[in-house]
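Computation of the quantities below employed the complete heavy-atom set of this structure, encompassing side-chain atoms and omitting hydrogens, waters and symmetry-equivalent molecules. Just so you know, these numbers come straight off a predicted model, no measurement behind them.
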Amino acid sequence: QLQLVESGGGLVQPGGSLRLSCAASGFTLDYYTIGWIRQAPGKEREGVSCMSSSGRSTNYADSVKGRFIISRYNAKNTVYLQIDSLKPEDTAVYYCAARYGGSWCSPTVLAYPYWGQGTQVTVSS
């Protein structure tokens, strides 16, 4: 019954924006560290952002700094990823993931026991 469900992906032109959502059920997100991870075809998974369980600490991969923002709306038990100034190289399946606790996080650490099924982001003219 513990689930993470991503939504909000789609086809967008370079320079455009999307807001991805990650809705949690079966547990409360504010007790968990949350990560956003992407995987392009034929490539390894890349952590792009994370948020500590308190929501006070957020971190980003160098490739997305200044363009991506992670946030959390506790009332909806949902985490968001705002993505601006999209580039073709951002094309990937985007996953949210969670692990219990955590006072800090790094986007390079992908050890999450809970994963969503992903949402496709395609950036193309």
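Ring to ring, Tyr112 and Tyr95 are not that close: their centroids are 6.0 angstrom or more apart.
Open room surrounds CD on Gln117; 12 or fewer heavy atoms of other groups in view lie less than 6.0 Å from it. Within a 6.0 Å radius of CD in Glu89, other residues, nucleotides and ligands contribute more than 12 heavy atoms.
Interatomic distance, OG1 of Thr91 versus NZ of Lys43, reported as 12.5 Å (0.5 Å rounding). Here the OG1 atom belonging to Thr119 is positioned 11.0 Å from the CG atom belonging to Leu81, to the nearest 0.5 angstrom. Separation of atoms CD1 (Ile69) and CD1 (Ile83) is listed at 11.5 Å; rounding is to 0.5 Å. The structure places CG of Leu20 at 10.5 Å from CD1 of Ile70, a figure rounded to the nearest 0.5 Å. Taken to the nearest 0.5 Å, the CZ atom of Phe68 stands 5.0 Å off from the CZ atom of Arg38.
Taking 4.5 Å as the limit, every side-chain heavy atom of Leu11 sits out of range of all side-chain heavy atoms of Gln120. Taking the side chain as every heavy atom from C-beta outward, Trp104 and Thr33 never approach each other to under 4.5 Å. Residues Pro14 and Val123 have side chains in contact (heavy-atom distance under 4.5 Å, counting atoms from C-beta outward). You'll find the side chain of Asp30 reaches within 4.5 Å of the side chain of Arg72, heavy atoms only.
Closest approach of Ser49 to Pro107, counting heavy atoms only: N-CB, 4.0 Å. Contact detail for Gln82 and Ser17: the closest heavy-atom pair is NE2-CB, 4.0 Å. Heavy-atom minimum distance, Gly102 versus Ser53: O-OG, 2.9 Å. Heavy-atom minimum distance, Arg99 versus Pro113: CB-CD, 3.5 Å. The minimum heavy-atom distance linking Ala98 with Ile34 is given by the pair CB-CD1, 3.6 Å. The nearest pair of heavy atoms linking Cys22 to Leu4 is SG-CD2, 3.7 Å.
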Exercise. Please assess Thr122 against Ser124 for the test side chain to side chain donor-acceptor pair (under 3.5 Å), listing each intermediate value before the final yes or no.
Key: CA-CA 6 Å; Thr122 303; Ser124 176; over 6 Å; no
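Under a hydrophobic-cluster definition in which Ile, Leu, Val, Met, Phe, Trp and Tyr are linked whenever side-chain heavy atoms come within less than 4.5 Å, directly or via other members, Val79 and Tyr100 are assigned to the same cluster. Side-chain heavy atoms closer than 4.5 Å link hydrophobic residues (I, L, V, M, F, W, Y) into clusters, and following such links, even through other members, never connects Tyr32 to Ile37. Cluster membership for Val5 and Tyr94, using ILVMFWY side-chain heavy atoms within less than 4.5 angstrom, is not shared. Criterion: ILVMFWY side-chain heavy atoms under 4.5 Å apart, direct or through other members. Under it, Met51 and Val64 are part of a common hydrophobic cluster. Following chains of ILVMFWY side-chain contacts shorter than 4.5 Å, one can reach Leu110 starting from Val93, so the two form part of one hydrophobic cluster.
A salt bridge does not link Asp90 to Lys87: none of the charged side-chain nitrogens sits closer than 4.0 Å to a carboxylate oxygen.
For the residue pair Thr108 and Ser106, a side-chain donor N or O sits within less than 3.5 Å of a side-chain acceptor on the partner.
No donor-acceptor pair closer than 3.5 Å links the side chain of Ser21 to the backbone N or O of Tyr80. Asn77 contributes a side-chain N or O that, together with a main-chain N or O of Phe27, makes up a donor-acceptor pair within less than 3.5 Å. When atom types are taken as modelled, the side chain of Ser85 and the backbone of Arg67 share no donor-acceptor pair closer than 3.5 angstrom. In this structure a side-chain-to-backbone donor-acceptor pair under 3.5 Å is missing from Asn59 to Cys50.
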